[in-house]
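As the structure is a prediction and not an experimental result, all values here were calculated from the model. One-based numbering along the sequence shown.
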Amino acid sequence: MKEGRKITLDEVANAAGVNKAAMSKMANNNNYSTTTRTLDALCAYFDCKIEEIITYQK
């Protein structure tokens, strides 16, 4: 958003050091379970808190 354009999953995966397949699964599958390392990398990349990228569902 800072650059005024959309970014691809590949760009995020490469910049954050996250597996591209994992990024795709997270984006397309609500039931996908990921690691805390991946979540930490995404929070660092987006400069956000964990609550901003995940939600808890019973």
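Interatomic distance, L9 CG to N14 CG, rounded to the nearest 0.5 Å: 11.0 Å. Between T34 atom OG1 and L42 atom CG the span is 7.5 Å, to the nearest 0.5 Å. The distance from atom CG of L39 to atom CE of M26, rounded to the nearest 0.5 Å, is 7.0 Å. K20 NZ to T8 OG1: the interatomic distance, rounded to the nearest 0.5 Å, is 8.5 Å.
Residues K6 and E11 approach most closely at O-OE1, 4.4 Å, considering heavy atoms. The two residues K49 and C43 come nearest to each other via the heavy atoms C-SG, 3.9 Å. Scanning both residues, A41 and A16, for their nearest heavy atoms gives CB-O, 3.5 Å.
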Passes side-chain contact (heavy atoms from CB on, under 4.5 Å), I53 versus Y45? Steps please.
-> CA-CA 11 Å; I53 60 171; Y45 174 78; over 6 Å; no
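For N29 (side chain) and K25 (main-chain N/O), no donor-acceptor pair under 3.5 Å exists by modelled atom type.
Two residues are said to be in side-chain contact when any heavy atoms from C-beta on lie closer than 4.5 Å; V12 and V18 fail this criterion.
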